[in-house]
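The next block holds one structure in the form of structure tokens; read it before the comments.
The shown structure was predicted, so the numbers you read here are calculated from the model rather than taken from an experiment. The first residue of the sequence shown is numbered 1, and numbering continues consecutively from there.
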Amino acid sequence: LNTSGIENDQFRDVFSTAGARQFDVPPAIVPLNIAAVLGTGVANLTETNSPLSARGTLSISDIDSSATFNTGTIVGTYGSLTIATNGAWVFTANSAFDELDPGEVKSEVFTVTSSDGTPTTVNIQITGTQDVALLTSAVANLTETNAVLTTGGTLVVSDLDATDATVLPSSAVGAYGSFQINANGVWSYSSNSALNQLNAGQVVSETFTVKTSDGGSSVVTIVLTGT
């Protein structure tokens, strides 16, 4: 009992042999952190022929700490993410990702934290598209003789996608001859006669279209000059 006759829960009088009062001090109260409530970020990007970027803002609610984010730039496998104190974030890809095949998906997750250490994430997904292959063209200049004319060559495919396109094999009959090409781009042309009907210096031509497996195209042009 204290001097007022009421039990004191916080302090207890203890008398030493010398008659001096001593008091037990209650333990210090350590406040507990209540984690912030954070939103997440998601960006679905489609590959183009230039580096991609995306942006957004993460939500935050914190009842016992400053409602802000720890700022910084995080470098990932496919790009970097920068976040500001208000949760605004920007992702910038580190390449155009032309090597991705159509429908191929690459993703990575960036983890950021609020000022009280609560983590959240921004998820980036990049989906590949079809990069139409480039196919070289060819022009063959032939001079009429007294025999059937022939020529040939090879067209080269250049494809940015990881899976290379191929030449679609084809054959065609033109006004002055026939043309054919195989999947490796090797082509040949043969005139359908000696073309003796051409006058000296008369020039005729015909063009054959070649296509690739991913929708690309090019042409082979044959130019015939009479003698």
Which atom names give the shortest non-hydrogen contact between [X] and [Y], and what distance separates them?
X      : Y      : value
Gln197 : Gln202 : O-OE1, 4.2 Å
Ile60  : Ala36  : CG1-CB, 4.4 Å
Leu58  : Thr121 : CD2-O, 4.4 Å
Leu38  : Ser114 : CD2-CB, 4.0 Å
Ile74  : Thr111 : CD1-O, 3.3 Å
Gly185 : Val167 : CA-CG2, 3.9 Å

How about [X] and [Y]: do any of their side-chain heavy atoms sit closer than 4.5 Å?
X      : Y      : answer
Thr151 : Trp187 : yes
Asp98  : Asn49  : yes
Tyr189 : Leu142 : yes
Asn123 : Ser107 : yes
Val223 : Val139 : yes
Leu195 : Asn192 : yes
Thr129 : Pro102 : no

| field | Residue of the set Leu155, Thr154, Val186 for which side chain to side chain contact (heavy atoms under 4.5 Å, CB included) holds with Ile181 | value | Leu155
Starting at [atom1] of [X], measure out to [atom2] of [Y] and round the result to the nearest 0.5 Å.
X      : Y      : atom1 : atom2 : value
Asn196 : Asn199 : CG    : CG    : 11.5 Å
Thr57  : Trp89  : OG1   : CH2   : 8.5 Å
Leu135 : Thr166 : CG    : OG1   : 10.5 Å
Glu144 : Ser193 : CD    : OG    : 9.0 Å
Asp214 : Gln130 : CG    : CD    : 4.5 Å
Phe97  : Thr127 : CZ    : OG1   : 11.5 Å

Given 3.5 Å as the limit, does a donor-acceptor pair link the side chain of [X] with the main chain of [Y], or not?
X      : Y      : value
Thr120 : Gly39  : yes
Glu108 : Thr77  : yes
Ser61  : Val37  : no
Glu206 : Tyr176 : yes

| task | Please work out whether the ring planes of Phe91 and Phe110 are parallel, tilted or perpendicular, with thresholds of 30° and 60°. | result |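 Judged by the thresholds at 30° and 60°, the geometry between Phe91 and Phe110 is tilted.
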In this structure, would [X] and [Y] fall into the same cluster of hydrophobic residues linked by side-chain contacts under 4.5 Å?
X      : Y      : answer
Phe208 : Val204 : yes
Ile222 : Leu198 : yes
Tyr78  : Val90  : no

| Carboxylate-amine/guanidinium contact Lys106 Glu104, below 4.0 Å |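 Counted as a salt bridge, because a side-chain N and a carboxylate O are separated by less than 4.0 Å.
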| said: Let's go through Thr118 and Asp62 carefully: what are the C-alpha distance in whole Å and the side-chain angles of both, what is the deciding distance for side chain to side chain contact (heavy atoms under 4.5 Å, CB included) to 0.1 Å, and is it a yes or a no? | reply: CA-CA 10 Å; Thr118 304; Asp62 197 335; 5.8 Å; no
| query | Any side-chain donor-acceptor pair under 3.5 Å between Thr221 and Thr207? | reply | yes
| task | For Thr73 and Thr82, run side-chain hydrogen bond (donor to acceptor under 3.5 Å, both in side chains): C-alpha distance rounded to whole Å, both residues' side-chain angles, the deciding distance at 0.1 Å, then the answer. | result | CA-CA 4 Å; Thr73 298; Thr82 299; 2.9 Å; yes
